[in-house]
Protein chains: 2
Amino acid sequence: MKTRTPRERRQERTRHDILTAAIDIIAEDGADQLSLREIARRIDYSPAALYRHFDSKEAIVDAVCNEANRRLGDSLAVVPETLPPVEYLIELGMAYLRFADENPQHFHFIATWQIPMPPDVTREDIEQAADNPDDPFSRLYRGIQRGIDAGKLHVRPGYGALEMAFSVWALAHGMAVLQTQRLGRMPIDFPAANRQAFADFITGMGSA
Amino acid sequence: MKTRTPRERRQERTRHDILTAAIDIIAEDGADQLSLREIARRIDYSPAALYRHFDSKEAIVDAVCNEANRRLGDSLAVVPETLPPVEYLIELGMAYLRFADENPQHFHFIATWQIPMPPDVTREDIEQAADNPDDPFSRLYRGIQRGIDAGKLHVRPGYGALEMAFSVWALAHGMAVLQTQRLGRMPIDFPAANRQAFADFITGMGSA
DNA sequence: ATAATATGTGAACACTGTTCACAATTTGAA
DNA sequence: TTCAAATTGTGAACAGTGTTCACATATTAT
């Protein structure tokens, strides 16, 4: 049964309207202006009606986060995987920063919101999840492994692909947070400096 | 006139009580449980009374942020400045991460809250502020400069001490954010991995 | 003693997320 | 077609939030 009933289609459409309204509010007025009443106002529903489609505001915010994460994946997808490993990792980081710069509200939202982690994540889980072609972290993870395979990144005891991926992610994330929220007005040519920082970090990870 | 009037002493004490209550609430129940009414309840005032001492909740939060920043400065101060530059920078980063790990609520608060930056910051401003011995960023900045002077860090066109300090700060900040809020349950030996990442980054910044 | 200032309060306002009894609609089956 | 069941939307209410304001009290300075 691939085709859905009218009711399910309407339900899906309403869910979509709610999320679209939420995303618009965030983009226009910022995340702290997001309220159930404002969402309801925009889509001509009563505030209580939202509870027929989402369990809570938190559920709506989670859905918005997932959508933002999907868009981040799209932004990272433009980096061609045919690039040599080192260049690929640098461009991946730059794409991450571009996303944060062009969608500051959404990025701040992602960066701020508490995402509960599944309590136990094993290395096997991560290996398997790495197959997901669109997941942002998986993209980075595969890029790191290509760098290792090409001999450009140097594995050390207790410091393998996962640790490298985490560290590079942390560098990019920290840059994005500081630039969008805090130190963005410093007299720095951020794109140039960021590119150099990525290059230095990857160089350091490749030294014997 | 160094000695203050009784009224000023009471005023100062009340301000201190308010901030202490706010910090306690954050430490005990988390930043989202911080409300003026709960602060007032704890110090036996009416909510309206807080407005005789602070302009708004935001003003209270700003003061808490400053206090948290001061404590961060204390945590960084334990790293002896007599260490060789590279080791000093690594230990400074580790101290930053230790602070975030041991005061997750306060760190999340600092990391989350929007601090408005003075609109224009010049290099001269930063050079002067670098004299402040206790400011966390200044500490890092001076450590970077020691590394440069010792020939351990390699200055490039458009990538000097300020850019290096910003990048190292970003790496540490990103690690702290991800570990305390997001990926802390990954199967990684974080202290060891973080140390290696700092070392790699600094190595990379020293390569010709 | 008196006028000026500072400090604290209760009540109210406009918000927020959430719940709930109730009505209207849509659905699936007899 | 009829009828019961499930779904969807609503207004009202509740407890909570930050904030304001007229009013009373207490402290200071003249």
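Convention: sequence-line order gives letters A, B, ...; per-chain numbering from 1. For the numbers below, each heavy atom of this structure counts, side chains included, while hydrogens, waters and symmetry mates do not.
B:Glu12 and B:Arg9 are not joined by a salt bridge, as no carboxylate oxygen comes within less than 4.0 angstrom of a charged side-chain nitrogen.
Ring-centre distance between A:Phe107 and A:His173: below the 6.0 Å cut-off.
Distance, B:Gln33 CD to D:dG18 P: 11 Å, rounded to whole Å. Note: NZ (B:Lys57) to P (D:dT20) measures 15 Å, nearest angstrom. For B:Arg13 and D:dT27, the CZ to P distance is 12 Å, given to the nearest whole Å. Rounded to whole angstrom, the span from the CD atom of A:Glu58 across to the P atom of C:dT18 amounts to 8 Å. In this entry the distance linking CD1 of B:Ile18 with P of D:dG18 reads 13 Å, nearest Å. The distance from atom CD of B:Glu12 to atom P of C:dT7 is 13 Å, rounded to the nearest whole Å. Taking atom CG on B:Leu36 and atom P on D:dT19, their separation rounds to 6 Å, with Å as the unit. Between the CZ atom of B:Arg15 and the P atom of C:dT7 there is a distance of 12 Å, rounded to whole Å.
Counting non-hydrogen atoms of other residues, nucleotides and ligands closer than 6.0 Å to CG of A:Asp55 gives a total of 12 or fewer.
Defined by atom type and a distance below 3.5 Å, a donor-acceptor pair is missing between the side-chain atoms of B:Thr20 and B:Asp17. One side chain, A:Asp125 or A:Thr122, offers a donor N or O that lies under 3.5 Å from an acceptor on the other.
Within residues 37-56 of chain A, the residues approaching DNA chain D are A:Arg37, A:Tyr45, A:Ser46, A:Ala48, A:Ala49, A:Arg52, A:His53, by heavy-atom distance under 4.0 Å.
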Given side chain to side chain donor-acceptor pair (under 3.5 Å), test B:Gln145 with B:Asp149 step by step and report yes or no. CA-CA 6 Å; B:Gln145 279 184 318; B:Asp149 295 344; over 6 Å; no
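For A:Gln11 and D:dT8, the shortest distance from a side-chain N or O to OP1 or OP2 is below 4.0 Å.
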